[in-house]
Amino acid sequence: MFLTRKHLSMTKLFAATSILTLGVASAAVAADAPSKADVLTTYANIAEAKYDDSLIAAKALQEAVNALIAEPTDATLNAARAAWIAARVPYQQTEVYRFGNAIVDDWEGKVNAWPLDEGLIDYVDAAYGGPTDENEFAALNVIANPSFELSGETIDASEITPELLGETLHEADGIEANVATGYHAIEFLLWGQDMNGHGSGAGNRPYTDYVQGDDCTGGNCDRRGQYLSAATALLVSDLEWMADQWKEGGEARAALSADEAAGVSAILTGMGSLSYGEQAGERMRLGLMLNDPEEEHDCFSDNTHNSHYYDGLGIQNVYLGSYTRIDGTPVSGASLSDLVIASDPSLDAEMKVKLANTMQALGRLKSTAEAGFAYDQMLERGNEGGELLIMGGVNGLVDQTKTIERIVNTLELDQIDFEGSDSLDNPDAVFQ
Amino acid sequence: MRILAFAVAMTLPFSALAQDRGPILTDTVEGHILPGFANLADATGTLAQAAQANCAAGSPELRAAYHAAFDDWISVSHLRFGPSEVDDRAFALAFWPDTKGFTPKALTDLIAAEDTAVESSKEFAQTSIAGRGFFALEQLLYDPKFADQGSAPYRCALIQAITADIDVNARAMSADWDSYATTLTQPGENNPYRSSDEAMQELYKALVTGLEFTGDTRVGRPMGTFDRPRPNRAEARRSERSLRHVELSLIALRDLAARLSADHFEIAADLDGAFNKAITRAQSLDDPSLAGVATPQGRFRVEALQQSINDIRDIVSTELGPTLGISAGFNSLDGD
C-alpha cells in the first residue's frame, strides 16, 4: 500500500509522543537501534559477497571465452555472450559501493569504463569516422596494428598482453574514452558494433572473427583472440583484487570502520550519487535527450535494461541489508533501514516505498526490453512509449535521492562532507 | 543521547531551534532568481527577432543578440532545479561539455537531411538537445566548418529554429518561475520542499554546484594536465566567451552567496573578499578563449584563477554550510 504523506507524518508524530511520554519505553526504542558498527559490518559483508560473485561469474566468462578462442563456432560464441550477460548481474549490483568508497572509485575505471571509442580496439564501420577533436586515437585499431605511435613513443604491440592493455592502452593520452579493458571492451569483442541504429537487433560479430587461417573474417583473428583473452584475464585479476579488499582485514573494510559516522555516510553517498548524477543523469536522461542509439550503457549487446535494473537493485539491497548470492545463499544483517527506523520510522517507510517504486519502473523497462522493445529503440526521437519507460526510471531515481538526503539530515551526518570520493572531488564534467 | 537531545528540543520554543529562513528565501527568489530569468526571456526574444530579421551567420545584430542572451543564460545557469529541469529546458539551452562531439554531428545530420523539424517548434523540440541551444547556434555562427555546409536557405531556417526554440524555453522557465517562487518561499507538506531547511538546501546546493562547475569544468577542462593542456575544450571558445562565462558565473554566484549569508556578517565578508579576488583575477586575465593554457605562463595564471575559486568553495563548505546547518546533498556532477 502506498503511504500518503499525511500517513507518514502521523506516524512520526505518534513516535515522538511515545518517546516523550513513555520514559522507560524510550530506552527500549534506543535498544532497538542497531549499532553503526553492525550496520557497517553487514554493508561490508554484502560487498564481499557481491565482488566474490562477480569474480565467480567472471571466471565462468573466462572459461567460455577460452572455449570460443579454442574452437570458434556459433555455439561457443553464444555461450560466451551468455556468460558475459550473467556476469553483469552481480557486478552491476556492486556499483552502489563505488561513489562512497574511494578504493572502489579509484579502481572501477579498469573494469566498467564507459562510454568508449571502440575504434581504438578493433575494426569499425566507415560511418564511425576517424580521430576526433577530443581523441586522436579513436580509430587506432590496435588489433590491426602491432606497432603505433603514442605520445611521441613507438609502442610495441606485437603481442597483446594484459600489461599492454592495462598499462599502456587504457586511457591512452589521458582520454577516458580510450577504454581498452573491462566489461565493455569484452562486450565489443563478443558482439561488435550494433549497426541497427534505432531498429531491432544488437551487435552481430560473426564467430569467424576468431577463426584462424583462411576463414578468418575482419582480419587479424589471432590478435583478436589474444586481445579477448588478455582483457578477460585482466577482468578476473582486477575483480580478484577488489574481492580481497572486502575480506576480513581487507583495506576497503578497514577504511569503513576507521570512522563509523563517515562509514554510514559512505553508504548514503554511494546510494545518492549513483541514483542521481550517475544513473538518472548521465546514463539514462542524457541518452534520451540526445536520441542517440549508442548512448546506452551496454550498446553492443543491447543489455542496457539489465544494467539499469541491477544498479537499482544494488541500491535497494544495500539499504535493506539483504543480498541473495548467485548460488542462492542469503547474506543479511543489521541494516541502514534499521538505523533509520530507530530515529524516524516514517522516513524509513518513505525510503522503502521510493526504492520499490524505482524497482517497479526499472522492472517495467526490463520486461518491455525483454519482450523485444530494446533500449536503443526507446531512445528514438519522438518515441513516446520509450520516453515514458526511461523517464519512469529517471523520476524514480531522482525522487529516491530526495529521501536519501533527508536520511543524511536525520541521522545527523550532514556535517560530514561528501568527500573521499574522487568523482565528487574531481568531476571532470557533468556528462562524461 | 539522541533521545535526550530530542526531549530537550521539544521543550524549547521553535524559533530557538530553527533559523528563520523565510526572509532569505524570499529575498533570493525576488532579488536573484526572478529578475535573472526575466532578463533571459527578454534577451532571447530579441535574439529570435534578430534571426528573423537577418539570419546570416555574420549578421552583427544577430551576433550581438547571441552574446547578450548567452550572457543572461550564464548568469542563471547555476539555478538547475524546478522550472529549469522541466522538459529538459536547461539541457536544451546549453549542452556542454560535449565530450563526444554530439553537437557538430547533430547539426551535420540535420543539414544533410534538410530535416523538416525546423518548420515546427514542436517538432524541433523533439530533436536531440545537441543540435539545439546556444552551443549549436555558436557553431553555426562562428565555426567555418558550417559556413557552407548544405544550402543557405536551410542553414537560415535552422538558425531561426534554434533561436526560436531558445526563446520558447527561456520564456517557459521565466513564466513557470513566477508560480514556482512560492514553492520555494512557502515550503510545506504538499510541496517538493517539505521544510524551509529543504528549500534552503536547494539554494545552497545551487551555489556549491555552480562553483564546482565553474572551477572544475569551465576552468579545469581546458587546463587538462601540465603536459597535455586542452585549449580546444574551453567552453564557447569559437565565439571567445570562455573567460567571460567564468566571470559572469562568479558575479552571479557572488550575488547568491551574499544573500544566503546575509545573517552572518563575518562569513558574508569572507565570501565577498574571496569572490572579489577571483573576479579580479578573471578580469585581469586577458585571454578570452583561455587558449593561454597551452603556454606555461598562461597556464600558471589560469591555475591561480582556479585556486581562487577553490578558496571560495572552501569558505562555502567549511563556514557557510555548517553555520546555516545545511549539507550539500547530491548534485548532477556526482557521476563520473
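A, B, ... follow the sequence lines: proteins, then strands. Residue 1 opens every chain.
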Checklist line | A/E294 with B/K100: basic N within carboxylate O range, under 4.0 Å | finding: no

Margin query: Please classify the contact between B/K122 and chain A as side chain, backbone, both or neither, with a heavy-atom cut-off of under 4.5 Å.
Written below: neither

Note to self: With a 4.5 angstrom heavy-atom cut-off, is it the side chain or the backbone of B/R230 that approaches chain A, or both, or neither?
What the structure shows: side chain

Item checked: A/K110 atom NZ, neighbour heavy-atom count above 12 within 6.0 Å -> no

Margin query: Please report the interatomic distance CZ(B/F95) to CG(A/L290), rounded to the nearest 0.5 Å.
Written below: 4.5 Å

Margin query: Side chains of B/Q201 and A/N409, heavy atoms from C-beta outward: is any pair under 4.5 Å?
Written below: yes

Next item on the list: Name all residues meeting the ring-ring contact (aromatic ring centres under 6.0 Å, His included) criterion together with B/F81; count only those two or more places apart in sequence or in a different chain, and write none if there are none.
Entry: B/W177

Item checked: Contact summary for B/P192 and A/K402, nearest pair of heavy atoms -> O-CE, 3.4 Å

Check: With a 4.5 Å heavy-atom cut-off, do B/R233 and A/E134 have their side chains touching?
Finding: yes

Checklist line | A/Q279, part contacting chain B, at a heavy-atom distance under 4.5 Å | finding: neither

Note to self: Side chains of A/R285 and B/D88, heavy atoms from C-beta outward: is any pair under 4.5 Å?
What the structure shows: yes

Item checked: Atom pair CD/CG of B/Q126 and A/N383 - distance to nearest 0.5 Å -> 10.0 Å

Notebook entry, point to check: Do you know which of B/A117, B/S128, B/A130 has the most heavy-atom pairs with chain A at a distance under 4.5 angstrom?
Noted result: B/S128

Margin query: Do B/R132 and A/M289 have side chains that approach each other closer than 4.5 Å (heavy atoms only, starting at C-beta)?
Written below: no

Check: Hey, does A/R381 have a side-chain heavy atom less than 4.5 Å from the side chain of B/D115?
Finding: yes

Margin query: Distance check, rounded to the nearest 0.5 Å: A/R406 atom CZ versus B/S195 atom OG?
Written below: 7.5 Å

Checklist line | chain B contacts, top residue of A/E405, A/E295, A/M391, A/E387 (heavy-atom pairs, under 4.5 Å) | finding: A/E405

Next item on the list: Determine whether B/I129 and A/N291 make a side-chain contact, defined as any pair of heavy atoms from C-beta on separated by less than 4.5 Å.
Entry: no

Note to self: Within the structure provided, determine whether A/V398 and B/F330 are in side-chain contact (heavy-atom separation under 4.5 Å).
What the structure shows: no

Check: Does a side-chain N-to-carboxylate-O contact under 4.0 Å join A/E136 and B/R228?
Finding: yes

Checklist line | Contact check, side chains of A/D292 and B/K105, non-hydrogen atoms, under 4.5 Å | finding: yes

Note to self: Out of B/D98, B/T318, B/T127, B/N232, return the one with the most heavy atom pairs under 4.5 angstrom to chain A.
What the structure shows: B/T127

